[in-house]
Amino acid sequence: MKLSKSFVPTLKEVPTDAVIPSHILMLRAGMVRMLSAGIYSFLPLGYKVIKRISDIIREEMDAIGGQEFHLPALNPIEIWEQTNRVEAFGDTMFHIKNRDYVLAPTHEEIMTYHAKGVLKSYKELPQIWYQIQTKFRNEPRPRSGVIRGRQFLMKDAYSFDTSFENLDKSYELHDKAYRAIFDRCGINYFVVGASSGAMGGSKSEEFMVKSDAGEDTVAFCESCKYAANVEVATSVVNSVARIDDSKELFEVSTPNIKSIDELCGFLNINENQTAKSRIYIHDEKPVLVLMSGNDEVNETKLESVLGGNVRPGHPEELKDITGADAGSIGPIGFKHRIIADLRLKDGNNLYSGANKNDFHIGGIDMKRDVPNVEYFDLRTIQSGETCTKCGEKLEVFKAIELGHIFKLGTKYSEGLGANFLDENGKENPIVMGSYGIGVERVLACYLEQNHDDNGIVWDKSLAPFQIHLMGLNMKKDSVVEASEKLYKDLQAEGYEVLFDDRSTVQAGFKFNEADLLGMPVHIIVGDKKLAENKVEIKIRKTGERMDVSLDELSSKLKELLA
RNA sequence: CGGGGCGUAGCGUAGUCCGGUUAGCGCGCCUGCUUUGGGAGCAGGAGGUCGCAGGUUCGAAUCCUGCCGCCCCGACCA
């Protein structure tokens with residue numbers, strides 16, 4: 001592709017709306033342009049990379065027996081009503097105004113619809129069906145460029161099996177395929193066991209990339225590769241020590257003391273001598289949750305302990321329930337259910353709120369004074385805590401979810417009546433799995449991980465072009481002649497070449513733009529070296545440069561781009 | 001949906017508090033000449049409903065009201 005005739009609108013300056021590196025680079029390298037919040041047009045260079053990623057996905061999906069579909073984005077709303085997902089998605093689903101259609105946010109229903117009545121016999125299973133298409137979700141807040149958009153490209157696959165045992169096999173196939181895909185894309189990722197949530201599946205794994213732009217928070221152990229969403233992550237934590245001499249309860253005046261830090265400062269005590277109280281509402285009834293010191297309540301853990309949704313009590317409610325405002329609430333005299341984090345188990349000589357504003361109570365003995373308390377793991381773990389698997393330090397950080405594989409079970413086959421006949425002629429719902437990859441996210445994550453101050457650093461697997469050929473002074477006939485010939489020859493050898501043949505820009509401009517666009521190998525044709533029958537090669541990733549004679553160029557490139 | 005910020009030429013911005021020339025600057029773009037190995041120089045030029053709609057005023061980018069859009073934090077995230 002000749003740059004003089006191409007639409008690659010690069011930017012020298014950073015657009016103000018872009019914050020994270022991948023977004024900035026996609027805009028600066030002329031790969032995408034925004035149409036509206038969370039809605040992006042892919043320009044030729046960006047779309048070329050999207051096609052590379054899609055091709056890798058396609059190859060690996062086909063390798064496990066996947067069959068590619070092309071499905072409608074416009075769906076009759078009735079199908080979605082059969083699985084109650086119009087309600088489940090709520091405002092996240094786009095609705096068409098002048099006909100009863102919705103824009104598909106995913107395709108479980110549609111794939112199952114096609115399986116229904118067609119996959120009738122156990123002899124026809126298993127099947128793996130997939131598609132790589134645009135999905136639509138009315139995200140309340142699109143962000144981070146292409147990472148969270150209102151429309152986005154997704155590869156989603158669905159497996160159809162006769163049993164949960166066979167589903168395990170399909171699941172394993174996808175697990176392998178996903179690792180192959182992300183490896184080939186050059187992504188540095190890790191796999192997190194996730195809770196399967198409301199989808200009713202038994203197992204689920206997320207493929208994640210560490211990034212401050214991520215929306216998930218995960219705990220990761222570098223040493224043993226333990227990884228878990230912080231919502232469910234555990235760590236080795238010592239419980240507060242029990243002291244031999246258990247004091248009596250006593251009340252202390254603590255004017256204007258609200259936080260644990262203030263309390264510790266005021267009384268000159270340690271954080272682990274305190275028990276923080278949080279009031280949650282569950283089933284319309286208050287529950288007092290006691291945490292040690294500044295430990296944060298993990299609401300996901302709390303919900304799984306209590307069963308069902310919880311919400312923090314409103315400030316107005318707190319006074320009604322406890323007689324005090326937040327900051328002075330405690331277990332002594334509290335009339336409703338009390339649960340506490342495991343760290344507090346059987347602790348004594350603790351300080352907590354007195355359920356009276358500006359007072360705290362000391363000398364609390366959990367065994368003696370809070371006899372009905374129940375203990376659970378309720379804390380949100382923190383970076384630096386000890387891994388329960390190997391004893392090394394855990395790291396907690398933000399991550400982007402690139403892919404998700406999970407075992408759906410029969411929710412959709414039952415909802416839509418997709419059944420098959422087994423060996424005994426008995427009708428059973430098809431057992432399904434669901435497997436997604438955010439295609440643009442692969443691109444964004446790659447860029448997050450592969451750039452330097454000058455721009456993108458493409459690996460040959462995703463690079464839009466393998467070679468960036470530059471004719472430095474295109475007003476000199478020798479340079480024009482030599483670079484044009486190279487352009488043709490290299491293409492004839494099977495390389496994809498971006499040729500900066502512009503006569504209007506200077507050498508320095510071409511170098512900087514080449515660094516921004518980031519093709520793996522740059523070939524620089526200048527008149528001085530050409531006089532010696534040589535050109536210069538630059539490796540983008542290392543910055544290494546070498547002079548190569550035209551005779552040896554072909555073999556050198558084979559070596560570099562093998 | 002809550003909190004914060006922003007909206008002036010393709011991009012980046014000054015001017016807005018305190019209303020008053022023809023809305024300024026850098027990059028980019030067009031023409032010409034020069035230059036040609038790390039984002040060139042000189043000269044000339046094009047390009048603006050100052051987000052939109054009302055209002056106040058002799059006069060509004062600037063003040064007031066409403067709306068729209070974008071970014072960040074939070075809520076949300078099958």
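In this text, all values refer to a predicted model and were calculated from it rather than measured experimentally. Just so it is clear: chains get the letters A, B, ... in the order the sequence lines come, proteins before strands, and each one is counted from 1.
Checking B/C77, B/C71, B/U36 against the side-chain heavy atoms of A/Ala37 singles out B/C71 as nearest. Counting only heavy atoms from C-beta on, A/Val19 has its side chain closest to B/C72 among B/G37, B/C77, B/C72. Among B/A75, B/C70, B/U36, the nucleotide with an atom closest to any side-chain atom of A/Met34 is B/C70.
Scanning for ring-ring contact (aromatic ring centres under 6.0 Å, His included) contacts around A/His107 gives an empty result, with sequence neighbours left out. A search for salt bridge (Lys or Arg N to Asp or Glu O under 4.0 Å) contacts involving A/Lys258 returns nothing, not counting sequence neighbours. For A/Tyr171, the ring-ring contact (aromatic ring centres under 6.0 Å, His included) test picks out no residue, with sequence neighbours left out. A/Asp161 pairs by the salt bridge (Lys or Arg N to Asp or Glu O under 4.0 Å) definition with nothing, not counting sequence neighbours. With sequence neighbours excluded, the residues satisfying side chain to side chain contact (heavy atoms under 4.5 Å, CB included) with A/Ile57 are A/Ile53, A/Met61, A/Ile132, A/Lys155, A/Ile181, A/Ile437, A/Val439. Remark: A/Ser503 pairs with no residue by the side chain to side chain donor-acceptor pair (under 3.5 Å) rule, at least two apart or across chains. Every residue meeting the salt bridge (Lys or Arg N to Asp or Glu O under 4.0 Å) condition with A/Arg502, not counting sequence neighbours, appears here in chain and number order: A/Asp500, A/Glu513. In this view, A/Asp17 satisfies the salt bridge (Lys or Arg N to Asp or Glu O under 4.0 Å) rule with no residue, not counting sequence neighbours.
The side chain of A/Thr92 places no N or O atom within less than 4.0 Å of a non-bridging phosphate oxygen (OP1 or OP2) of B/C76. When the side-chain nitrogen and oxygen atoms of A/Arg141 are compared with OP1 and OP2 of B/C73, one or more of them lie within a distance under 4.0 Å.
One atom, CG of A/Leu27, and another, P of B/C71, lie 11 Å apart when rounded to the nearest Å. Between A/Met546 atom CE and B/G37 atom P there is a gap of 22 Å when expressed in whole angstrom units. Regarding A/Glu231, its CD atom lies at a distance of 10 Å from the C1' atom of B/C77, rounded to whole Å. Spacing between atom CZ of A/Phe152 and atom P of B/C77 amounts to 15 Å, rounded to whole angstrom units. Protein atom CZ of A/Phe136 is 18 Å distant from nucleotide atom C1' of B/C77, rounded to whole Å. As a whole-Å value, the separation of A/Asp527 CG from B/U36 P is 10 Å.
A/Lys476 comes within contact range of no nucleotide atom at all, as no heavy-atom separation falls under 4.0 Å. Looking at heavy-atom distances under 4.0 Å, A/Ser434 makes no contact with the nucleic acid at all. Here A/Glu536 lies in heavy-atom contact (under 4.0 Å) with a base. A/Glu513 comes within contact range of at least one nucleobase, with a heavy-atom separation under 4.0 Å. Among the heavy atoms of the strands, none lies under 4.0 Å from A/Lys135. The residue A/Thr504 sits apart from the nucleic acid: no heavy atom pair falls under 4.0 Å. At a threshold of 4.0 angstrom between heavy atoms, the contacts of A/Asp515 include nucleobase atoms, whether or not backbone atoms are also involved.
Figure legend: A/Lys210 and A/Phe397 shown as a cation-pi pair, the cationic atom lying under 6.0 angstrom from the six-membered ring centre and within 45 degrees of its axis.
For A/Thr134 and A/Gln151, the side-chain atoms include no donor-acceptor pair closer than 3.5 Å. A side-chain N or O of A/Ser4 and one of A/Asp501 form a donor-acceptor pair less than 3.5 Å apart. Side-chain contact annotation: A/Tyr412 with A/Arg85, donor-acceptor N/O pair under 3.5 Å present.
A/Glu262 CD: more than 12 foreign heavy atoms inside a 6.0 Å radius.
Between A/Tyr40 and A/His23, the ring center distance clears the sub-6.0 Å criterion. Taking the six-membered ring where the residue is Trp, the centroids of A/Phe190 and A/Phe220 are separated by under 6.0 Å.
Only the P atoms considered, B/C58 is 48 Å distant from B/C42, to the nearest whole Å. Comparing the C1' positions of B/C6 and B/G32 gives a spacing of 41 Å, expressed to the nearest Å. Comparing B/G28 with B/U49, their P atoms sit 23 Å apart, to the nearest whole Å. Taking atom P in both B/C29 and B/C70, the straight-line distance is 29 Å, to the nearest Å. B/U13 and B/G55 have their P atoms separated by 33 Å, with the value rounded to a whole Å. Between B/A43 and B/C27, the two P atoms lie 12 Å apart (nearest whole Å). B/U21 and B/G45 have their C1' atoms separated by 23 Å, with the value rounded to a whole Å. For the C1' atom pair drawn from B/C64 and B/U57, the interatomic distance equals 12 Å after rounding to whole Å.
A donor-acceptor pair is defined here as one N or O able to donate and one able to accept, closer than 3.5 Å; no such pair exists between the side chain of A/Glu401 and the backbone of A/Asp216.
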Polar-atom pairs under 3.5 Å, protein N or O versus N or O of nucleotides 3-12 of chain B: list them with distances, or write none.
unit_1, atom_1, unit_2, atom_2, d
B/C11, O2, A/Glu13, OE1, 3.3
B/G12, OP1, A/Thr16, N, 2.9
B/G12, OP1, A/Thr16, OG1, 3.1

Can you check nucleotides 33-35 of chain B for protein contacts, nitrogen or oxygen pairs under 3.5 Å, and list what you find?
unit_1, atom_1, unit_2, atom_2, d
B/U35, O2, A/Gln506, NE2, 2.8
B/U35, O4, A/Lys475, NZ, 3.3

Produce the list of close N/O pairs, under 3.5 Å, pairing protein atoms with atoms of nucleotides 66-68 of chain B; give distances to one decimal.
none

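A donor-acceptor contact under 3.5 Å is not formed by the side chain of A/Arg143 with the base of B/C72.
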Worksheet item: What pattern of brackets, bars and dots sums up RNA chain B from 5' to 3', given Watson-Crick or G-U wobble pairs under 3.5 Å, [ ] for crossing pairs and | for another strand?
Response: (((((((..((((......[...)))).((((((.....)))))).....(((((..]....))))))))))))....
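Ranked by how close their nearest RNA chain B nucleotide is to the 5' end, A/Lys398 and A/Phe509 are led by A/Phe509. Between A/Arg28 and A/Pro142, the residue whose closest nucleotide on RNA chain B is further toward the 5' end is A/Arg28.
Atom CD of A/Glu206 and atom CD1 of A/Ile400 lie 13.0 Å apart (nearest 0.5 Å).
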